[in-house]
Amino acid sequence: QVQLVESGGGLVQPEGSLRLSCAASGSIFSIYAWEWYRQAPGKQRELVARISSLGSTNYADSVKGRFTISRDNAKRTVYLQMNSLKPEDTAVYYCWNGAVGSWGQGTQVTVSS
């Protein structure tokens, strides 16, 4: 069974940067979009960014201009470059791919001085 494995989270100061990665453990069809979600304590999981099979992207208003999603089909991997991080970006970040259909373990991002 193919699984999603997120990595790259950590503790960073405000205005810092992190790059998250999410890799599928096996072969998946590249026709599926990739998505990044996040869930802060006590809040619902929310969609942060999406990239289609053709590379078109969409972002939540709260991260526009700061986050960039990209994908590498050959590596079965999606990335989330996060710049100018704010304390309100603190959350567990999860990726999603319809070809896999299940969540990974997530990666914790904490923005704090």
Side-chain angles (χ1 to χ4, degrees):
Q1 183 177 358
V2 178
Q3 296 179 326
L4 297 175
V5 181
E6 299 97 337
S7 61
L11 173 64
V12 63
Q13 292 186 342
E15 295 303 312
S17 298
L18 282 175
R19 189 193 193 208
L20 306 183
S21 299
C22 172
S25 61
S27 296
I28 57 173
F29 290 111
S30 60
I31 63 172
Y32 286 85
W34 283 96
E35 297 171 340
W36 280 101
Y37 290 78
R38 66 186 181 188
Q39 187 166 19
K43 295 188 177 181
Q44 290 188 334
R45 194 168 298 189
E46 63 172 351
L47 178 62
V48 174
R50 183 181 187 273
I51 185 166
S52 74
S53 60
L54 298 179
S56 61
T57 58
N58 299 93
Y59 298 93
D61 288 343
S62 58
V63 307
K64 279 182 182 176
R66 300 189 298 121
F67 290 11
T68 302
I69 188 172
S70 60
R71 62 189 290 169
D72 185 330
N73 291 335
K75 294 183 179 180
R76 307 184 302 272
T77 299
V78 65
Y79 305 96
L80 187 67
Q81 177 66 44
M82 305 187 296
N83 299 327
S84 302
L85 283 161
K86 304 176 181 180
E88 50 264 44
D89 295 318
T90 295
V92 179
Y93 283 71
Y94 301 88
C95 64
W96 177 266
N97 186 292
V100 177
S102 62
W103 299 102
Q105 83 288 349
T107 185
Q108 175 70 48
V109 172
T110 303
V111 184
S112 175
S113 55

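By the 4.5 Å heavy-atom criterion applied to side chains, L47 and W96 are not counted as neighbours. Annotation: side chain of T107 is not in contact with side chain of S7 (no heavy-atom distance under 4.5 Å). No side-chain heavy atom of F67 sits less than 4.5 Å from a side-chain heavy atom of W36. In this structure the side chain of M82 never reaches within 4.5 angstrom of the side chain of D89, judged on heavy atoms. The shortest distance between side-chain heavy atoms of S112 and L11 falls below 4.5 Å. In this structure, the side chains of S102 and Q3 stay at 4.5 Å or more apart for every pair of heavy atoms.
Looking at E6, its side chain never comes within 3.5 Å of a backbone N or O of L20 through a donor-acceptor pair. At least one donor-acceptor pair closer than 3.5 Å links the side chain of R76 to the backbone N or O of G26. Between the side chain of S113 and the main chain of Q13, no donor-acceptor pair closer than 3.5 Å is present. Between the side chain of Y59 and the backbone N or O of I69 there is at least one donor-acceptor pair closer than 3.5 Å. Checked by atom type and distance alone, the side chain of S84 never pairs as donor or acceptor with a backbone atom of R66 at under 3.5 Å.
Taking both residues in full, the closest heavy atoms of V78 and S70 are given as CG2-O, 3.1 Å, listed atom of the first, atom of the second, then distance. Here the closest heavy-atom approach between residue K43 and residue Q39 is recorded as O-NE2, 3.1 Å.
Donor-acceptor pairing under 3.5 Å is recorded for the side chains of Y37 and E35.
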Taking it one step at a time, do Y79 and I51 satisfy side chain to side chain contact (heavy atoms under 4.5 Å, CB included)?
CA-CA 10 Å; Y79 305 96; I51 185 166; over 6 Å; no
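Clustering ILVMFWY residues whenever any of their side-chain heavy atoms sit less than 4.5 angstrom apart, transitively, puts V63 in the very cluster that holds Y93. In the hydrophobic clustering of ILVMFWY residues, with side-chain heavy atoms under 4.5 Å counting as a link, V100 and V92 come out apart.
Surrounding CD of Q1 are at most 12 heavy atoms belonging to other residues, nucleotides or ligands under 6.0 Å away.
Within the model, atoms CG of L80 and CZ of R38 stand 9.5 Å from one another, a figure rounded to the nearest 0.5 Å. The distance from the CD1 atom of I31 to the CG atom of N73 is 11.0 Å, given to the nearest 0.5 Å. Once rounded to the nearest 0.5 Å, the distance linking CZ of R71 with SG of C95 reads 12.0 Å.
Both tests pass for R45 against the ring of W103: distance under 6.0 Å to the centre and angle within 45° of the axis.
Between D61 and K64, at least one side-chain N (NZ, or NE/NH1/NH2) sits under 4.0 Å from a carboxylate O, which counts as a salt bridge.
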